[in-house]
There are 2 protein chains.
Amino acid sequence: MSEAKILDAALRLLDQGGPVAASVRRIAAEVGVAPNAIYTYFPDKAAVLRALAERLLGGVDHDVFADPEQHWGVRVEALALELRATLTAHPGAVGLLVGGPLDGPSSMALNERLLQLFADAGLGPAAAAQASYLLMVYVFGSVSREVAGVHEGGPLPPEPERAAARRAELSTVPVDRFPLTAAAAVTMAGSTSTEQYLWGLRRILVGLSAVAGPDGDDGSSGAVAR
Amino acid sequence: MSEAKILDAALRLLDQGGPVAASVRRIAAEVGVAPNAIYTYFPDKAAVLRALAERLLGGVDHDVFADPEQHWGVRVEALALELRATLTAHPGAVGLLVGGPLDGPSSMALNERLLQLFADAGLGPAAAAQASYLLMVYVFGSVSREVAGVHEGGPLPPEPERAAARRAELSTVPVDRFPLTAAAAVTMAGSTSTEQYLWGLRRILVGLSAVAGPDGDDGSSGAVAR
DNA sequence: ACAAACTTTGGACGCTGTACAGCCACGGTG
DNA sequence: CACCGTGGCTGTACAGCGTCCAAAGTTTGT
């Protein structure tokens with residue numbers, strides 16, 4: 001019996017049964033122990049879930065993206081993709097990441113890497129801090145919206161089926177009242193969620209590269225360009 | 001007795017006690033009725049919360065931003081600020097918005113307006129759809145992260161106290177292991193969350209304006225600029 | 001072999017969302 | 001006016017939840 005075994009069981013239940021399945025009693029049963037035994041290793045259920053979130057974030061190997069030879073934008077993009085892959089692999093656990101404060105060591109290591117990347121891009125400390133916050137918000141928010149609606153567990157279905165689901169759903173949009181929304185739904189159904197993710201990510205990177213430069217401008221002045 | 005009274009009570013409890021306080025029994029007690037009476041008007045608890053989310057989104061008056069005289073970027077920014085204000089006014093309810101699928105009429109009306117704004121900006125239908133998705137992700141994700149950690153109810157404390165809390169928290173960052181993160185925390189503590197929100201929002205708008213133009217390019221080609 | 005420390009357990013408390021059967025006050029029809 | 005059907009509401013109940021307490025069991029140190 002150990003913290004690791006408990007987290008294993010919790011993740012297993014979360015993966016196949018969603019958040020509702022990850023109860024203290026079920027976790028304990030999965031480990032083969034009485035419910036209360038959990039409280040020997042964690043003060044309460046929230047601590048278990050926090051630890052699990054930390055473990056998942058720790059699984060993102062971001063040392064790969066340290067190589068300063070490559071362009072910073074490419075490295076940020078690769079890291080964002082890696083992070084998304086890690087999160088979507090466990091849809092039921094995504095809620096743990098967006099709900100909590102993300103102040104564990106793995107979260108900080110990830111943030112540190114991101115800050116390093118933006119420093120490489122020529123952003124000053126203030127701009128890098130804001131940029132890393134922006135990117136985190138986008139990555140987590142995007143994945144969160146993507147898995148929203150997968151109420152009861154199971155992994156994310158493969159992309160073809162998800163596209164079909166989107167197509168079926170768009171017929172419920174009242175075309176006469178929301179013509180643009182209906183058209184947008186058709187458009188969105190025509191591309192994979194990875195493409196959509198990358199599109200937004202690249203807009204953000206473009207917006208960031210506009211403040212990147214040797215002067216270290218923090219880009220706080222003025223409204224949108226033009 | 002009516003749907004409206006139930007939603008009133010639910011929102012009241014959500015505001016002062018957070019998500020945990022919004023139980024069916026508590027809502028019923030607040031209305032002055034037996035718990036089961038709720039099920040006369042809503043099939044289950046989730047339906048109550050969905051309806052409440054819809055009502056909140058319906059409270060965002062976006063007709064104001066239809067005026068095509070003003071620059072599209074200014075109008076998007078104003079809408080994003082209005083939306084954020086609506087959400088942060090009820091921190092306990094933010095979770096309802098990021099969890100659900102956002103397919104109600106108010107959500108669609110909001111999306112429709114956003115699509116219109118991006119069409120005004122010169123984005124083609126595909127790019128407008130992606131842009132609106134990107135903006136929604138940012139707004140909801142940003143607010144969600146902002147209210148994360150306000151576990152037990154109550155309104156968001158005023159900005160000075162939040163800044164103080166951030167400052168107190170940053171002393172827990174191990175400076176030797178995460179120097180950039182520590183520095184970033186100091187930086188973030190020096191600006192209000194509204195400023196941070198606007199900073200990211202403007203990076204996104206800059207990134208979007210790069211694909212805005214008479215050609216209606218969908219901006220899908222190539223990696224980040226440079 | 002004894003004691004101390006730690007782990008695990010059975011049982012319980014108060015809470016949750018929700019189903020079933022019955023009550024009660026109302027509207028339309030004789 | 002009397003009647004009866006209908007629909008909102010209630011009392012009760014069930015299974016499950018997170019968590020605490022006291023007792024039991026197990027391991028460790030001497």
Side-chain angles (χ1 to χ4, degrees), chain A residues 1-55 92-93 95-97 99-101 148-154, chain B residues 1-55 92-93 95-97 99-101 148-154:
Chain A
M1 196 55 18
S2 66
E3 283 92 344
K5 292 241 169 77
I6 295 173
L7 294 183
D8 286 346
L11 183 57
R12 223 174 304 137
L13 289 171
L14 217 44
D15 276 344
Q16 59 191 245
V20 302
S23 73
V24 174
R25 284 171 155 86
R26 290 244 247 275
I27 294 172
E30 180 86 5
V31 181
V33 91
N36 315 354
I38 304 294
Y39 293 92
T40 306
Y41 301 92
F42 298 95
D44 54 15
K45 181 187 179 179
V48 177
L49 299 181
R50 270 198 309 272
L52 186 52
E54 260 297 296
R55 161 191 277 205
L96 309 182
L97 282 313
V150 185
H151 314 88
E152 306 302 323
Chain B
M1 201 50 24
S2 66
E3 284 93 345
K5 292 240 169 78
I6 295 173
L7 294 183
D8 287 345
L11 183 57
R12 223 175 304 138
L13 290 171
L14 218 43
D15 277 344
Q16 61 192 241
V20 301
S23 73
V24 173
R25 283 172 156 87
R26 290 244 246 277
I27 294 172
E30 181 87 4
V31 181
V33 90
N36 316 358
I38 303 294
Y39 294 91
T40 305
Y41 299 93
F42 296 95
D44 53 15
K45 181 187 178 179
V48 177
L49 299 181
R50 270 199 309 270
L52 186 52
E54 261 296 295
R55 160 190 278 204
L96 309 181
L97 282 313
V150 186
H151 315 89
E152 306 302 322

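Below, chain A is the first sequence line, B the second, and so on; all start at residue 1.
Pairing each heavy atom of Val31(A) with each of Ala9(A), the nearest pair is CG2-CB, 3.6 Å. Here the shortest heavy-atom pairing between Gly99(B) and Ala148(A) reads O-CB, 3.3 Å. Residues Ala22(B) and Ile27(B) approach most closely at O-CD1, 4.1 Å, considering heavy atoms. Residues Leu14(B) and Pro19(B) come closest through the heavy atom pair CD1-CA, 3.6 Å.
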Side-chain donor-acceptor distances from residues 33-44 of chain B under 3.5 Å, at least two apart:
residue	atom	partner	partner atom	Å
Thr40(B)	OG1	Ala37(B)	O	3.2
Tyr41(B)	OH	Met1(B)	O	3.4
Asp44(B)	OD1	Ala47(B)	N	3.2

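Not counting sequence neighbours, the partners of Arg12(B) by the side-chain hydrogen bond (donor to acceptor under 3.5 Å, both in side chains) test are Glu30(B). For Leu49(B), the side chain to side chain contact (heavy atoms under 4.5 Å, CB included) partners two or more places apart in sequence, or in a different chain, are Lys45(B), Leu96(B). The side chain to side chain contact (heavy atoms under 4.5 Å, CB included) test applied to Ala29(A) returns no partner, not counting sequence neighbours.
In 5' to 3' order, the nucleotides of DNA chain C bounding all contacts with chain B (an atom under 4.0 Å from a heavy atom) are dT16(C) to dC20(C).
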If you restrict it to nitrogen or oxygen atoms, what contacts under 3.5 Å exist between nucleotides 18-22 of chain D and the protein, and what is each distance?
residue	atom	partner	partner atom	Å
dG18(D)	OP1	Val24(A)	N	3.3
dG18(D)	OP1	Lys45(A)	NZ	2.7
dG18(D)	OP2	Val24(A)	N	2.8
dG18(D)	N7	Arg25(A)	NH1	2.4
dG18(D)	O6	Arg25(A)	NH1	3.4
dG18(D)	O6	Arg25(A)	NH2	3.0
dT19(D)	OP2	Tyr39(A)	OH	2.8
dT19(D)	OP2	Lys45(A)	N	2.9
dT19(D)	O5'	Tyr39(A)	OH	3.4
dC20(D)	N4	Asn36(A)	OD1	3.3
dC20(D)	N4	Asn36(A)	ND2	2.9

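Nucleic acid contact for Ala37(B): base, since at least one base atom lies under 4.0 Å from a heavy atom of the residue. Nucleic acid contact class of Tyr41(A) (heavy atoms, under 4.0 Å, all strands): sugar-phosphate only.
Each of Gly32(B) and Ala21(A) has a nearest nucleotide on DNA chain D; the 5'-most of these lies closest to Gly32(B).
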